[in-house]
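Note sheet for the following structure.
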Amino acid sequence: MAIRVQREDFDVGAEITALTEGNPSIGGVTSFVGLVRDMADGERTSAMTLEHYPGMTEKMLAEIDAEAHDRWPLEASLIIHRYGRLEAGDRIVLVIAASPHRDAAFEACRFLIDWLKTKAPFWKLEEADDGATRWVEAKETDDAAAARWETNTGTRKAG
Amino acid sequence: MAIRVQREDFDVGAEITALTEGNPSIGGVTSFVGLVRDMADGERTSAMTLEHYPGMTEKMLAEIDAEAHDRWPLEASLIIHRYGRLEAGDRIVLVIAASPHRDAAFEACRFLIDWLKTKAPFWKLEEADDGATRWVEAKETDDAAAARWETNTGTRKAG
Amino acid sequence: MKILYFAWLRQRTGIGEEDVSPPESVRDVASLVDWLKQRNPAFAEALADTSTLRVAVNQEFASFDTALNGTEEVALFPPMTGG
Amino acid sequence: MKILYFAWLRQRTGIGEEDVSPPESVRDVASLVDWLKQRNPAFAEALADTSTLRVAVNQEFASFDTALNGTEEVALFPPMTGG
């Protein structure tokens, strides 16, 4: 139910607490933090710059979040995605899903991160140790992960 | 790779940071926090007391954790389980799994929480608003959740 | 032999932990439970329904036919409800 | 009409954002891209491989046959790699 696109780092514990405090019907909170790895696709990287499409990013994240709330009985959720230059070990993204039951919390959290990888307009420019840069290519495994969540609604044919 | 059984509360953000800091091969961290709900099985509860089997608890949690490391390429993991009296909204359990890849982080985290629900010797005594207490009964859904992770190793018959 | 009781088994027997010296005829968990039950009515009642009883021997899950040599730590408890 | 370019499309065209007034013959995304390409070689090259091109019209995902009326915000970019 909350979306933030920001340059700044975030505090995972504080966000989980803020999301759950005062709501004792929450029984389980699943969170995912994505971090900049020092190794991507076998290439050593020291940093990356995340570019995004201001306006559309917030819109797409809000749509993905709304869909998670339609699909699972969530009490609260949060997506924070950073942009700008990040170094190895830095946090990139945070997804939190809170529900009375742990199944819903896990599934919604994974849905959100799988889905935003293919639907949120972000692009990563990696910097190698020698300063060379390259745009990260979209992974087929990410498309496959997102496709798992596709429903058949509206695609069924008559006859 | 770390197990803690304690009365004290824990700080989710600090634990995730401690687990990931200085290891830039970690790309994804999934965490789960279990909280005391004010409603359990349709009954209003105000608090609960968690009893455990000191010694065996640590042993079983360490075994479950080792199994997660055998199954998934984890860089780090943590299980904290509280005991003693807890009130609605209090944190009960924390599970963190960190891996180069998010699939492994999600699956290992869920394996750990599913498995410890059926393998770790904890028992919940719930207190209703009127002070009446009742021992929580084991849920079949928890057994089913844990059973999903059972491997077929050793159960295949010859012939 | 050290016997531990947890959750409602502890409440119903009125004991969390005891040291016992069962006779030589007690060679497995099943015969231990039978012997514990015949000592007094509270134990007979608490341990009546063995379908809800879980057992650990030396802090490892065990079954009713697990053999005992008289020196073990045996724990009796209902199905677990942690997490 | 506002056109936005992201990631390597921005680098190769040398432009992040521009305002254009395409002729009336530009009625959908496909004809817009054709028109943008014929303006100069950098655009022709950057937009050459349409299989790697993704499109949004008014900040919603769109396709090459999405109709345009000349007032939209159109964004062109490679497949996304966030998260």
Side-chain angles (χ1 to χ4, degrees), chain A residues 3 5 32-37 40-41 48-64 79-84 86 91-95 109-126 133-143 145-146, chain D residues 1-20 28-30 32-33 36-37 41-83:
Chain A
I3 299 299
V5 182
F32 178 81
V33 181
L35 302 156
V36 181
R37 289 172 62 201
D41 306 323
M48 65 163 62
T49 300
L50 264 154
E51 179 171 335
H52 77 120
Y53 183 174
M56 183 169 172
T57 307
E58 290 81 354
K59 193 169 168 172
M60 293 312 300
L61 292 181
E63 281 181 22
I64 294 165
I79 304 173
I80 300 179
H81 205 305
R82 295 176 72 187
Y83 62 89
L86 299 171
R91 284 174 277 266
I92 306 172
V93 62
L94 170 65
V95 174
C109 185
R110 194 158 182 188
F111 164 85
L112 287 169
I113 184 70
D114 282 351
W115 216 231
L116 76 78
K117 282 207 168 243
T118 61
K119 292 247 189 176
F122 285 95
W123 300 272
K124 284 176 183 159
L125 180 68
E126 285 180 352
T133 62
R134 69 174 192 106
W135 290 97
V136 175
E137 282 185 42
K139 286 197 190 78
E140 277 175 32
T141 52
D142 284 337
D143 288 337
Chain D
M1 186 182 291
K2 187 170 160 186
I3 316 283
L4 300 163
Y5 305 91
F6 291 102
W8 54 256
L9 271 163
R10 176 179 52 71
Q11 287 191 318
R12 290 188 203 166
T13 59
I15 287 176
E17 189 177 324
E18 61 175 335
D19 279 303
V20 298
D28 58 17
V29 172
L32 173 68
V33 169
L36 292 169
K37 282 162 76 170
F43 279 79
E45 203 179 311
L47 301 170
D49 181 5
T50 52
S51 74
T52 62
L53 213 58
R54 298 290 179 273
V55 186
V57 174
N58 293 332
Q59 305 191 355
E60 295 279 0
F61 290 112
S63 60
F64 276 69
D65 56 10
T66 299
L68 299 173
N69 64 18
T71 63
E72 293 86 353
E73 173 175 308
V74 179
L76 301 170
F77 43 81
M80 295 160 296
T81 55

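Order of the sequence lines fixes the chain letters, A, B, ..., with proteins taken first and strands second; residue numbering starts at 1 for each chain. Just so you know, these numbers use all the heavy atoms, side chains as well, and skip hydrogens, waters and symmetry mates. Note that the structure is a prediction, hence the values are computed from the model and not measured.
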_CD (D:Glu18) with more than 12 external heavy atoms under 6.0 Å_ =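 More than 12 heavy atoms, drawn from other residues, nucleotides or ligands, come within 6.0 Å of this atom.
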**Item:** Closest-packed option against chain D by number of heavy-atom pairs under 4.5 Å, given A:Phe122, A:Phe32, A:Trp135
**Value:**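 Heavy-atom pair counts peak at A:Trp135.
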Checklist entry - A:Arg82, A:His52, A:Lys119: which one forms the most heavy-atom pairs within less than 4.5 Å of chain D? => result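 Going by pairs under 4.5 Å, I would pick A:Lys119.
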#### Entry: Per-residue contacts, residues 9-16 of chain D versus chain A, heavy atoms under 4.5 Å
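Result: D:Arg10, D:Gln11.
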Can you name the residues that form a ring pair (Phe, Tyr, Trp, His ring centres under 6.0 Å) with A:Trp123, not counting sequence neighbours?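 Once residues adjacent in sequence are excluded, the partners of A:Trp123 under the ring pair (Phe, Tyr, Trp, His ring centres under 6.0 Å) criterion are D:Phe6, D:Phe77.
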(Q) Once side-chain contact (heavy atoms from CB on, under 4.5 Å) is applied, do any residues pair with D:Ala30, and if so which ones, sequence neighbours excluded? (A)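 D:Ala30: side-chain contact (heavy atoms from CB on, under 4.5 Å) contacts with D:Asp28, D:Phe64.
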#### Entry: D:Glu17: side-chain contact (heavy atoms from CB on, under 4.5 Å) partners, not counting sequence neighbours
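Partners of D:Glu17 by the side-chain contact (heavy atoms from CB on, under 4.5 Å) criterion, ordered by chain and then number, come out as D:Lys2, D:Leu4.
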Drop me the distance from [X]'s [atom1] to [Y]'s [atom2], to the nearest 0.5 angstrom.
X        : Y        : atom1 : atom2 : result
D:Trp8   : A:Thr133 : CH2   : OG1   : 14.0 Å
A:Glu58  : D:Gln59  : CD    : CD    : 8.5 Å
A:Leu125 : D:Thr81  : CG    : OG1   : 9.5 Å

Which is it for A:Glu63 and D:Glu60 under the side chain to side chain contact (heavy atoms under 4.5 Å, CB included) test, yes or no, and what are the steps along the way? CA-CA 11 Å; A:Glu63 281 181 22; D:Glu60 295 279 0; 3.6 Å; yes
query: Within the side chain of A:Lys124, is there an N or O that forms a donor-acceptor pair under 3.5 Å with the backbone of D:Gly83?
result: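 Yes, because the side chain of A:Lys124 sits within donor-acceptor range (under 3.5 Å) of the backbone of D:Gly83.
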